[in-house]
Participant: 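Please see the structure below; I have some questions.
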There are 2 protein chains.
Amino acid sequence: MKKSVLDVAKLEAAASKLRAIGHPMRIAIIDMLNDEPQMNVTRIYKGLGIEQASASHHLNILKTKGVLVSKRDGKKILYSIKNTALSEIIDCINRCSDY
Amino acid sequence: MKKSVLDVAKLEAAASKLRAIGHPMRIAIIDMLNDEPQMNVTRIYKGLGIEQASASHHLNILKTKGVLVSKRDGKKILYSIKNTALSEIIDCINRCSDY
DNA sequence: TTTATACATACATATATTTGAATATACTAT
DNA sequence: ATAGTATATTCAAATATATGTATGTATAAA
């Protein structure tokens with residue numbers, strides 16, 4: 001079950017997703033969505049105290065890289081975490097970051 | 001066991017570590033070290049087909065962010081993964097990246 | 001102490017990412 | 001149709017990251 005062949009495309013995909021998560025604001029977004037599984041953009045950018053455009057940008061990155069999904073609800077767009085494996089990663093990182 | 005308070009320092013630390021891993025070459029390095037737990041710089045940069053300075057740079061990032069450790073062995077410097085949790089993360093990412 | 005080897009560092013350039021301000025689009029209600 | 005609200009996009013400036021070339025440092029062997 002071990003792939004020693006270095007598949008460039010896979011490496012890029014994995015790196016890309018890691019970089020997507022690897023930003024304080026984006027981790028904060030994921031964290032918020034861990035507590036409250038669906039949030040709209042306004043709630044998120046006000047909760048984080050950042051510009052709306054900035055939040056939109058980060059949300060787009062997380063969505064593009066497959067971390068979040070979104071669906072429209074009237075005027076609002078609701079974002080949520082695409083899969084739970086992500087939370088596991090965050091937990092794992094948090095456990096590891098005490099070194 | 002859930003911390004909903006957003007600790008900026010922790011977020012930065014986690015993000016920083018994720019970004020450290022979030023580079024194809026650096027994932028490749030971790031991958032190599034998964035197969036062979038201790039490698040010197042020459043072996044790594046020749047194995048990856050990159051410049052020595054570039055490998056040294058990536059290794060330094062991984063070391064600084066607490067992902068790898070190094071120890072001298074004569075003329076060589078041996079690098080190894082600092083803890084196994086990282087491999088778990090990589091595995092996890094690999095599992096998740098098929099979306 | 002000289003020479004060769006292994007690695008690290010410094011620097012410049014190229015490229016990518018982040019941010020805010022302004023603008024555009026989508027939807028709702030009137 | 002118009003106005004207001006929610007979100008996305010565009011653009012430019014600031015900052016961060018990556019890469020190659022050159023140079024520096026540490027160790028080993030002669």
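First the proteins, then the strands, lettered A, B, ... as listed; each starts at 1.
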Participant: For B/H57, enumerate each residue passing the ring pair (Phe, Tyr, Trp, His ring centres under 6.0 Å) test, keeping only those at least two apart in sequence or located in another chain.
Facilitator: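 Per chain and number, B/H57 pairs via ring pair (Phe, Tyr, Trp, His ring centres under 6.0 Å) with no residue.
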Participant: How would you list, by chain and number, every residue that makes a salt bridge (charged side-chain N to carboxylate O under 4.0 Å, His left out) with A/R72, sequence neighbours excluded?
Facilitator: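 A/R72 satisfies salt bridge (charged side-chain N to carboxylate O under 4.0 Å, His left out) with no other residue.
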Participant: Check whether any side-chain nitrogen or oxygen of B/H23 sits under 4.0 Å from OP1 or OP2 of C/dT17, and answer yes or no.
Facilitator: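 Negative; the distance criterion is not met.
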Participant: Please find the pair of heavy atoms, one from B/A15 and one from A/I27, that lie closest to each other, and give the distance.
Facilitator: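 Closest heavy-atom pair between B/A15 and A/I27: N-CD1, 3.5 Å.
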Participant: Side-chain N or O of A/H58 versus OP1/OP2 of C/dT19: is the shortest distance under 4.0 Å?
Facilitator: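 It does, given that an N or O in the side chain of A/H58 lies less than 4.0 Å from OP1 or OP2 of C/dT19.
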Participant: Nearest 0.5 Å, what's the CG-CG distance between B/L78 and B/L68?
Facilitator: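 Nearest 0.5 Å value for the CG-CG distance: 12.0 Å.
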Participant: Across nucleotides 2-14 of chain C, 5' to 3', mark each nucleotide with B, S or - according to how protein heavy atoms within less than 4.0 Å reach it.
Facilitator: ---BSBBB-----
Participant: Heavy-atom count check: over 12 atoms from other residues, nucleotides or ligands less than 6.0 Å from B/K76 NZ?
Facilitator: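 Counting other residues, nucleotides and ligands, NZ of B/K76 stays at 12 neighbours or fewer.
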Participant: Below 4.0 Å from chain B heavy atoms, what is the first contacting nucleotide of DNA chain D and what is the last?
Facilitator: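 From 5' to 3', the first and last contacting nucleotides are D/dT17 to D/dA28.
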Participant: Tell me the interatomic distance from A/L18, atom CG, to C/dT17, atom P, rounded to whole angstroms.
Facilitator: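 Those two atoms, CG and P, are 14 Å apart.
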Participant: To the nearest Å, how far apart are A/I50 CD1 and C/dT17 C1'?
Facilitator: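 Atom CD1 in A/I50 sits about 15 Å away from atom C1' in C/dT17.
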Participant: Compile the donor-acceptor pairs under 3.5 Å between side chains in residues 43-56 of chain A and protein atoms, sequence neighbours left out, one pair per line.
Facilitator:
residue, atom, partner, partner atom, Å
A/R43, NE, A/E36, OE2, 3.2
A/R43, NH2, A/E36, OE1, 2.8
A/R43, NH2, A/E36, OE2, 3.1

Participant: How close or far is atom P of C/dA22 from atom CD of A/E51, stated in whole angstroms?
Facilitator: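 Whole-Å distance recorded here is 10 Å.
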Participant: Is it possible for you to say whether A/I21 and A/I61 belong to one hydrophobic cluster, with membership spreading through side-chain heavy-atom contacts below 4.5 Å?
Facilitator: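 A/I21 and A/I61: separate clusters.
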Participant: Output every pair passing ring-ring contact (aromatic ring centres under 6.0 Å, His included) with a member in residues 13-40 of chain A, not counting sequence neighbours, ordered by first then second residue.
Facilitator: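 For residues 13-40 of chain A: A/H23-A/H58.
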